[in-house]
Amino acid sequence: MNRNQLKYLVIIAMLIDHIAWVFIPMASVLGQIMHFIGRLTAPTMAYFISEGYYYTHNIKKYAFRLGVFAIISWIPFVYFEFGTLPIYYINGHLFIHSTVGVIYTLFLGLMAIWLWDKGICPKWCKILGIIGLCIISVIGDWAFFNVLWCLFFYIYRDKPKQKWIAYSIVGLVCCAPILFTDIWWTYLFMTGIFMVPILIQFFYNGQSGSQNNINKWFFYLFYPIHLLILGIFQWIII
């Protein structure tokens, strides 16, 4: 599969995952299967952030596009998660939801790659900067896991063994709830992230596919729109 085909595949996986959050109990067999499938999306998109950085002709425009859609997605993501707007009043007091969607952490992952590759500072300074990006990523979906995956995918781009070892180490941390909760079986779906190396290593042919604008903009637009629609179903219709 080329890059476009693989992106559409994991977008469908994301949709399946989000539908499950709205309609299917997490502890059910069907819920676990749907969420397992959904674990393909964020790591694969992190992989394509590293690919995008490598191939882009204008990193500033790429970063700006991610940043803008991270902001645009804030309202639909918060509404999907909590059934409210990000900024709201209760009894005369102003509240702000700081939780943001996955495009935000992918944006920070791109910043981590950019800092590592082009930063004009000592290595220790770059590491501190990346730690800082990981800290501010905790308000986002997939948090620092996305930041580190983006970075490691870039650093070990031409070293498959090291790349997937680094990916798996981060993935094991991501799966920690399985070991540290009494209801560990409800988090088994997290192991779906370990299907990503198989998907990319054996099914991705390294080709980009068509360069038309539909393929370029589809994920950016689909992400907030589908969250808004599912949020309406979850908080108004159901």
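Since the model is a prediction, treat every value here as computed from it, not as a measurement.
Side-chain atoms of F69 and W217, non-hydrogen and from C-beta on, do get closer than 4.5 Å to each other. Within the 4.5 Å cutoff, side-chain heavy atoms of M1 are placed close to those of L9. In this structure the side chain of F36 reaches within 4.5 angstrom of the side chain of M195, judged on heavy atoms. Between I11 and M45, the closest side-chain pair of non-hydrogen atoms falls below 4.5 Å. Between L6 and Y47, the closest side-chain pair of non-hydrogen atoms is not below 4.5 Å. Taking the side chain as every heavy atom from C-beta outward, Y220 and L66 approach each other to under 4.5 Å. You'll find the side chain of Q201 reaches within 4.5 Å of the side chain of P160, heavy atoms only. Put simply, the side chain of D17 does not reach to within 4.5 Å of the side chain of I37, judged on heavy atoms.
The aromatic ring centres of Y53 and F153 sit 6.0 Å or more apart. Proximity of the aromatic rings of Y167 and W164 is defined here by a centroid distance below 6.0 angstrom, and this criterion is met. You'll find the ring centres of Y62 and H57 outside the 6.0 Å limit. Aromatic ring centres of F218 and Y8: separated by under 6.0 Å. In this structure, the ring of W21 has its center less than 6.0 angstrom from the ring center of H35.
With rounding to the nearest 0.5 angstrom, the OG atom of S137 is 11.0 Å from the CG atom of L106. Interatomic distance, T56 OG1 to R65 CZ, rounded to the nearest 0.5 Å: 6.5 Å. Remark: M34 CE to H18 NE2 distance equals 11.0 Å, nearest 0.5 Å. Atoms CZ and CD1, on F144 and I135 in that order, are 11.0 Å from each other to the nearest 0.5 Å. Between L115 atom CG and L110 atom CG the span is 11.5 Å, to the nearest 0.5 Å. The structure places CD1 of I113 at 11.5 Å from CG of L108, a figure rounded to the nearest 0.5 Å.
With no hydrogens or angles considered, no side-chain donor-acceptor pair links Y104 and D141 at under 3.5 Å.
Side-chain atoms of N4 do not come within 3.5 Å of backbone N or O of N215 as any donor-acceptor pair. Checked by atom type and distance alone, the side chain of W235 pairs as donor or acceptor with a backbone atom of F80 at under 3.5 Å. No donor-acceptor distance shorter than 3.5 angstrom exists from the side chain of W149 to the backbone of G109, with no hydrogens or angles considered. Using modelled atom types, one side-chain atom of N58 and one backbone atom of K61 make a donor-acceptor pair closer than 3.5 Å. At least one donor-acceptor pair closer than 3.5 Å links the side chain of S28 to the backbone N or O of G31. Panel note: side chain Q211, backbone G209; a donor-acceptor pair is recorded below 3.5 Å. S73 contributes no side-chain N or O that, together with a main-chain N or O of G101, makes up a donor-acceptor pair within less than 3.5 Å. Between the side chain of T191 and the backbone N or O of L188 there is at least one donor-acceptor pair closer than 3.5 Å. Not a single donor-acceptor pair under 3.5 Å links the side chain of W142 to the backbone N or O of T105. Side chain of Q32 to main chain of T186: a donor-acceptor pair is present (N/O by atom type, distance under 3.5 Å, no hydrogens or angles).
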**Prompt:** Are C175 and Y187 close enough, and set up right, to give a side-chain contact (heavy atoms from CB on, under 4.5 Å), and what steps lead you there?
**Reply:** CA-CA 8 Å; C175 291; Y187 291 94; over 6 Å; no
**Request:** Could you give me the CA-CA distance, side-chain angles and deciding distance for L85 and I75, then say whether side-chain contact (heavy atoms from CB on, under 4.5 Å) is met?
**Result:** CA-CA 6 Å; L85 295 176; I75 293 176; 4.0 Å; yes
**Message:** Go through it in stages, so that I can follow the logic: the residues are I103 and I71, the test is side-chain contact (heavy atoms from CB on, under 4.5 Å), and I'd like the CA-CA distance, side-chain angles, deciding distance and then a yes or no.
**Reply:** CA-CA 9 Å; I103 297 181; I71 295 170; over 6 Å; no
**Message:** Using side-chain contact (heavy atoms from CB on, under 4.5 Å), reason through E51 and R157 one step at a time and then give a plain yes or no.
**Reply:** CA-CA 9 Å; E51 290 278 279; R157 187 174 189 276; 3.1 Å; yes
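A salt bridge does not link D158 with K163: every distance from a Lys NZ or Arg NE/NH1/NH2 to an Asp or Glu carboxylate oxygen is 4.0 Å or more.
In the hydrophobic cluster analysis, where Ile, Leu, Val, Met, Phe, Trp and Tyr join through side-chain heavy atoms closer than 4.5 angstrom, L221 is grouped together with V100. Under a hydrophobic clustering in which Ile, Leu, Val, Met, Phe, Trp and Tyr are joined whenever their side-chain heavy atoms come within less than 4.5 Å, directly or via other members, L227 and F82 fall into the same cluster. The cluster map of Ile, Leu, Val, Met, Phe, Trp and Tyr, joined by side-chain heavy atoms under 4.5 Å apart, puts I165 and F145 in different clusters. Both V196 and V173 are part of a single hydrophobic cluster, where members link through side-chain heavy atoms under 4.5 Å apart. Under the 4.5 Å side-chain contact rule for hydrophobic residues, I193 and M26 share a cluster.
In this structure, D182 and W185 approach most closely via the heavy-atom pair O-CZ3, 3.2 Å. Counting all heavy atoms, side chain and backbone alike, K126 lies closest to G119 at CE-O, 3.1 Å. Closest of all the heavy-atom pairs between L40 and T44 is O-OG1, 2.6 Å. Minimum heavy-atom separation, A166 to Y156: CB-CE1, 4.0 Å.
Figure legend: R39 and F189 shown without cation-pi pairing, the cationic atom not lying both under 6.0 angstrom from the six-membered ring centre and within 45 degrees of its axis.
Environment of CZ in F95: crowded, with over 12 heavy atoms of neighbouring residues, nucleotides or ligands closer than 6.0 Å. Residue-environment remark: CZ (F203) stays at or below the threshold of 12 foreign heavy atoms within 6.0 Å. Heavy-atom contacts from other residues, nucleotides or ligands closer than 6.0 Å to CD1 of I214 number 12 or fewer. More than 12 heavy atoms of other shown residues, nucleotides or ligands fall within 6.0 angstrom of atom CZ in F23. Annotation for Y54: atom OH does not count as buried by contact number, only 12 or fewer foreign heavy atoms lying within 6.0 Å. Counted within 6.0 Å of CD1 on I120, heavy atoms from surrounding residues, nucleotides or ligands total 12 or fewer; the atom is thus considered open.
By the 30° and 60° cut-offs, the orientation of the rings of F219 relative to Y223 is tilted.
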